[in-house]
Protein chains: 2
Amino acid sequence: MLNEQTTAAPRDCGDCPIRHRAVCARCEADELKRLDELKYYRSFEAGQTVIWSGDHMEFVGSVVTGIATLTQTMEDGRTQMVGLLLPSDFVGRPGRDAAAYNVVAITDMVMCCFRKKPFEQMMNETPHIAQRLLEMTLDELDAAREWMLVLGRKTAREKIASLMAIIARRDATLNLAGIDKPIVFDLPLTREAMSDYLGLTLETVSRQISALKKDGVIHLQGKRHVTVPDFERLLEEAGDDSDGGMLA
Amino acid sequence: MLNEQTTAAPRDCGDCPIRHRAVCARCEADELKRLDELKYYRSFEAGQTVIWSGDHMEFVGSVVTGIATLTQTMEDGRTQMVGLLLPSDFVGRPGRDAAAYNVVAITDMVMCCFRKKPFEQMMNETPHIAQRLLEMTLDELDAAREWMLVLGRKTAREKIASLMAIIARRDATLNLAGIDKPIVFDLPLTREAMSDYLGLTLETVSRQISALKKDGVIHLQGKRHVTVPDFERLLEEAGDDSDGGMLA
DNA sequence: CGTTTGGTTGATGGTTATCAAGTCTGGTGG
DNA sequence: CCACCAGACTTGATAACCATCAACCAAACG
């Protein structure tokens, strides 16, 4: 069990990489100052569990760097990922004491944390935080519903293509890469994590990735480095024929 | 195409059956009065489409009576239900113009509606509405994530049992029936709607319901009237072994 | 009555899970 | 430097589960 948590070097909110996307995004200077005094950083190593489902939660916070997963498990071990936490995503639910899910860092990760009580109090006093949290929660709900379609109705091949498309899209917007250019990214997830995401076995994930590669939908260098030569083609494979009818 | 929409008789917020559960639950008297002036009722017949995905949404609102579904479809017709709207549930997303899902009334239904613009303005001015909406959205997100486990990892039999458990639980809390008593309810959904909920075919739904009946987990009178003699047994079948370890 | 809608049941095949080897890669220690 | 090892991944054989196609039933309805 790795239980070490180093407190990362403090950082000014002004320099924060997630300043304009996180729960604090709408805060005014004075509000930000109050948050600044409340906040503390925590670091987690890849593989380390941040919170166990059912545990008492003393803090809420935002992912600053790194990636984490939100998972639910049944007693017999079956596991379903229910959230993928990227930088700026929020962890914890104000007004709830016990964690509902397991949170696991899958890369090294830094979080910006607040003790729950003071954060809740501040939420009641400053509407800008609650407003932003509502917006983020609505976005997460949309993402969860999109995901439900993937889990309930898509084939294994479509599921893999959908996952690649999600990661590709995120990377494309992040790197400001134009469309039409081949998209290149590294898979942040192991085959097993992908299977937990998609409700498949890791063997099926492996087979379908191989199949998409064989069919030229994606190219692989090593196990994780992916090139998408034609994003439209990938979307077709994902069943997201979202060209929207450009032609009459 | 049934496109008639009768405007239901106006009703006072004080008598409203969803007064203390809907988005207006936390409003003070003066806030409620403002909402009262904004609101209007709309009625929908069973089977009628309330909103098509992609349509411009001129209103948001709450389900007052009846049930509706939120569904997503792929071009080839595959359909996944992503939400089940019960009385007090909210429809529409403030700040968004186009509907993201199909909303279909599955029983006769009455909604309490607000034109989107005035509602959004009021949300900005009165934090009580936004607070309640955040709470409701967080609950919906939890429900969606629970549902993702069902869709991704449960067998057909477990899916059916899970659905029965959800409906049974809702009915039990609603009717204040004690546990231990046999739970009795009517399925609000057709076999097809259940299949869209659970990511199955309607034939599989029918077969698994028959199987649960044969094994005595549920009793059926007619196609829709269900009796659950032993709720714990149902939870076991659902894979939700949530006895939580009452015994050392 | 014929028709429609919702539901059940049966036969069959396909997709994906399961069980089982085996490969590749990076890291560690001799 | 190389042997070894562990973890991540791939591939194959088989079988289970569920989808598909099809026939049929019952109630509601015009």
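We use all heavy atoms of the structure for the numbers below, so side chains are in, but hydrogens, waters and symmetry mates are not. All chains are named by letter (A, B, ...) in the order of the sequence lines, taking the proteins before the strands, and each is independently numbered beginning at 1.
- Within 6.0 Å of CD in B:E140 there are more than 12 heavy atoms belonging to other residues, nucleotides or ligands.
- Across B:V63 and B:M111, no two heavy atoms sit closer than the pair CA-CG, 4.3 Å.
- Residues A:P229 and A:G216 share a closest heavy-atom pair of CG-O, 3.7 Å.
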Determine whether A:T227 and A:I218 satisfy the following criterion, side-chain contact (heavy atoms from CB on, under 4.5 Å), listing intermediate values before the conclusion. CA-CA 6 Å; A:T227 304; A:I218 59 173; over 6 Å; no

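- The side-chain contact (heavy atoms from CB on, under 4.5 Å) check on B:T73 picks up B:T79, B:N102, with sequence neighbours excluded.
- Atom pair A:K213:NZ and D:dC9:C1' shows a separation of 12 Å (rounding to whole Å applied).
- Atom-to-atom, NZ of B:K214 to P of C:dT8 comes out at 15 Å; the value is rounded to the nearest Å.
- Rounded to a whole Å, the CG atom of A:L200 is 14 Å from the P atom of D:dC18.
- End-to-end axis angle for the helix from C:dC1-D:dG30 to C:dG30-D:dC1, using five pairs per end and rounding to 10°, comes out at 30°.
- For the pair B:L198 CG and D:dC17 P, the interatomic distance rounds to 18 Å; values are reported in whole Å.
- Other residues, nucleotides and ligands contribute over 12 non-hydrogen atoms within 6.0 Å of the CD atom of B:E236.
- Salt bridge B:D240/B:K154: present, at least one basic N to carboxylate O contact under 4.0 Å.
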What does the list of N/O pairs under 3.5 Å between the protein and nucleotides 3-7 of chain C look like, with a distance for each?
{"from": "C:dG7", "atom 1": "OP1", "to": "B:R224", "atom 2": "NE", "distance (Å)": "2.9"}
{"from": "C:dG7", "atom 1": "OP2", "to": "B:R191", "atom 2": "N", "distance (Å)": "2.8"}

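- Within the 4.0 angstrom heavy-atom criterion, only backbone atoms of the sugar-phosphate kind lie near A:G199; the bases stay farther away.
- Taking a 4.0 Å limit (strictly below) on heavy-atom distances, residues 153-163 of chain A does not reach DNA chain D anywhere.
- A salt bridge between B:E203 and B:R207 is absent, with no side-chain N of the basic residue lying under 4.0 Å from a carboxylate O of the acidic one.
- Checking side-chain atoms of B:S88 against main-chain N and O of B:I18 turns up no donor-acceptor pair under 3.5 Å.
- Side-chain atoms of B:R93 and A:D142, non-hydrogen and from C-beta on, do get closer than 4.5 Å to each other.
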Would A:L70 and B:R145 satisfy side-chain contact (heavy atoms from CB on, under 4.5 Å), going step by step from the backbone distance to the final call? CA-CA 10 Å; A:L70 229 55; B:R145 285 172 167 166; 3.5 Å; yes

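- Nearer the 5' end of DNA chain D, as judged by each residue's closest nucleotide, is the contact made by A:G222, out of B:T201 and A:G222.
- Side-chain contact between A:L200 and A:Q208: absent, with no pair of heavy atoms (C-beta onward) separated by less than 4.5 Å.
- For A:T204, a side-chain nitrogen or oxygen approaches OP1 or OP2 of C:dA17 to under 4.0 Å.
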Table of protein N/O atoms under 3.5 Å from nucleotides 22-24 of chain D N/O atoms:
none

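- Atom-to-atom, CD of B:Q208 to P of C:dT8 comes out at 12 Å; the value is rounded to the nearest Å.
- Within the structure, ring pair (Phe, Tyr, Trp, His ring centres under 6.0 Å) pairs that include any residue of residues 147-166 of chain B comprise B:W147-B:Y197 (at least two apart or interchain).
- The nearest whole Å value for the distance from the CD1 atom in A:I106 to the C1' atom in D:dA8 is 14 Å.
- Looking at every heavy atom in both residues, A:I51 comes nearest to A:A99 through CG2-CB, 3.3 Å.
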